[in-house]
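Structure record follows, encoded as structure tokens.
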Amino acid sequence: MLRFAQRLFVLLACVSTLSALAQTPITEEPDYKPTLTFDVATIRVAPPPGANFRVSVTSPRDSSRFDATNLPVRTLLQIAYGYDAPFVNAPDWVNNSFYDIHARSDEAADARLAKLPVNEVRLEKRHAIRLLLADRMNLKSHIETRSSAIFHLVVAKGGLKMTPIPTPAPSADGEKPRVPPVDTQAHPSRHGLEFVGTNANMQAITSVLSTMMEAPVMDKTGLAGYYNYTLQIGREWSAHDPDTFPDILTAVQEQLGLKLESVREPVPNLVFDNITKPTEN
């Protein structure tokens, strides 16, 4: 029962974090070299998950500040290295250890970030988090391309069953329209697990599905819009419930109008050479 509770809390933590972070994917820029580091960082073990368990991640666009509450180490690694990379040789505690993290640089760094394009800001912050992992968790890792079991997400034959969100019109001064933030809520019940997504792009949807499948899910739909959806999935605890929700493959096709196709192909894997639990401060 404890193991199940831990897995459920980790799942909800990942989903809550993805709600805040699953916007436009970070684009690699080989010619851009980020240099941001955190001048001050505290990492403390979070209290054991309970009934009021909640995950929060705050990282303002024009600030070096990174604040996280009840964040699993796995999710911190995914923020730093990407949600599509399978983990190799990761110890079990990476999945079920929760930490509160508060880190930032200085005012000069904040001023510099405020002048950078959004993608470069995200590259800078990812770089700072990677250095924090190396410093506080002794992380040594490398990227290695391996043939891996992954999933392609495609549009099912019956067509989409999600509700599209109209793209906001540009403002009078020609400024790019602001898209409302992605929000994904997960609600466990005796029937299984229900996800309610609002203003979700395909990056947000594939990130949720990657968490559920415990394997990378690649978007092959060609869809660029935003959607509202409800996804009800049966889980191990609902197997004996007569009204259990359908399995994830069936649910995705029947409720979203999408399809998960299992494939094997070479993809970048994050291979752990070393990682230790962080020392608190």
Any donor-acceptor pair under 3.5 Å linking the side-chain atoms of Asp100 with those of Thr69? no
Could you tell me whether the side chain of Ser63 and the main chain of Asp110 form a donor-acceptor pair under 3.5 Å? no
Can you list the steps and then say if Phe151 with Leu209 is a side chain to side chain contact (heavy atoms under 4.5 Å, CB included)? CA-CA 9 Å; Phe151 292 89; Leu209 294 176; over 6 Å; no
Output yes when a side-chain donor or acceptor of His127 lies under 3.5 Å from a complementary backbone atom of Leu36, and no otherwise. yes
Counting N and O atoms only, with roles assigned by atom type, does the side chain of Gln255 sit under 3.5 Å from a partner on the main chain of Gln232, one being a donor and the other an acceptor? yes
If we only count heavy atoms from C-beta on, is the Leu139 to Phe272 side-chain gap below 4.5 Å? yes
Asn138 and Thr276 side chains, donor-acceptor separation under 3.5 Å: yes
Shortest non-hydrogen separation from Ala68 to Leu71 and the atoms involved: CB-CD2, 3.7 Å
If I compare all heavy atoms of Ser105 with all of Ser64, which pair ends up nearest, and what's the gap? N-OG, 2.9 Å
For Lys220, is there an ion pair with Glu261 - N to carboxylate O distance below 4.0 angstrom? no
Here the gap from Leu223 atom CG to Ile205 atom CD1, rounded to the nearest 0.5 Å, amounts to 8.5 Å
Charged tip of Arg130 within 45° of Tyr81 ring normal and under 6.0 Å: yes
Report yes or no: do Leu256 and Val155 belong to one cluster of Ile/Leu/Val/Met/Phe/Trp/Tyr joined by side chain heavy-atom distances under 4.5 Å? yes
Kindly compute the distance separating CE (Met218) from CG (Leu153), expressed to the nearest 0.5 Å. 11.5 Å
Between Arg146 and Val267, is a side chain to side chain contact (heavy atoms under 4.5 Å, CB included) present by the stated rule, with each step listed? CA-CA 6 Å; Arg146 296 187 178 191; Val267 296; over 6 Å; no
Check each of Leu76, Asp67, Thr42 against Ile101 using the side chain to side chain contact (heavy atoms under 4.5 Å, CB included) test, and report the only one that passes. Leu76
State plainly whether one hydrophobic cluster holds both Val45 and Trp93, where clusters connect Ile, Leu, Val, Met, Phe, Trp and Tyr through side-chain heavy atoms under 4.5 angstrom apart. yes
Do the side chains of Val196 and Leu231 join up, straight or via other hydrophobic residues, at under 4.5 Å, putting them in one cluster? no
Under 6.0 Å from the CZ atom of Arg44, do we count more than 12 heavy atoms belonging to anything else shown? no
Ignoring hydrogens, what is the shortest heavy-atom contact between Asn70 and Phe98? Give both atom names and the distance. O-CD2, 3.4 Å
Could you tell me the separation between the CE atom of Met212 and the CZ atom of Arg235, rounded to the nearest 0.5 Å? 3.5 Å
Under the 3.5 angstrom rule, does the side chain of Asp247 hit a backbone N or O of Leu249 as a donor-acceptor pair? yes
Should Met213 and Tyr229 be regarded as members of a common hydrophobic cluster, given that ILVMFWY residues are connected when their side-chain heavy atoms come within less than 4.5 Å of each other, either directly or indirectly? yes
Checking Ile129 against Phe38 for the side chain to side chain contact (heavy atoms under 4.5 Å, CB included) test, could you report, in this order, the C-alpha distance in whole Å, the side-chain angles of both residues, the deciding distance, and whether it holds? CA-CA 8 Å; Ile129 294 171; Phe38 292 129; 4.1 Å; yes
Taking all non-hydrogen atoms of both residues, which atom of Gly192 and which atom of Ser238 are closest, and how far apart? N-CB, 3.6 Å
Rounded to the nearest 0.5 Å, the NZ atom of Lys115 sits from the CG atom of Asp62 at a distance of 13.0 Å
To the closest 0.5 Å, what do you measure between CZ (Arg190) and NE2 (His240)? 14.5 Å
Between CD1 on residue Ile233 and CD1 on residue Ile248, distance to nearest 0.5 Å: 4.0 Å
Please report the closest heavy-atom contact between Ser189 and Phe245, naming both atoms and the distance. OG-CE1, 4.2 Å
With distance as the sole test, does Thr206 use its side chain to make a donor-acceptor pair with the main-chain N or O of Gln203 at under 3.5 Å? yes
Here the pair of heavy atoms bringing Glu254 nearest to Lys161 is O-CD, 3.1 Å
If we ignore angles and hydrogens, is there a donor and acceptor under 3.5 Å between the side chains of Asp241 and His191? yes
Can you tell if the side chain of Tyr32 reaches within under 4.5 Å of the side chain of Asn119, non-hydrogen atoms only? no
Count I, L, V, M, F, W, Y as connected when their side-chain heavy atoms are under 4.5 Å apart, and connections chain through other members. Are Val154 and Met162 then in the same cluster? no
Walk me through it: do Leu258 and Met202 pass the test side chain to side chain contact (heavy atoms under 4.5 Å, CB included)? CA-CA 11 Å; Leu258 301 172; Met202 295 311 300; 4.1 Å; yes
Is the backbone N or O of Ser147 less than 3.5 Å from a side-chain atom of Arg264, with the two atoms forming a donor-acceptor pair by type? yes
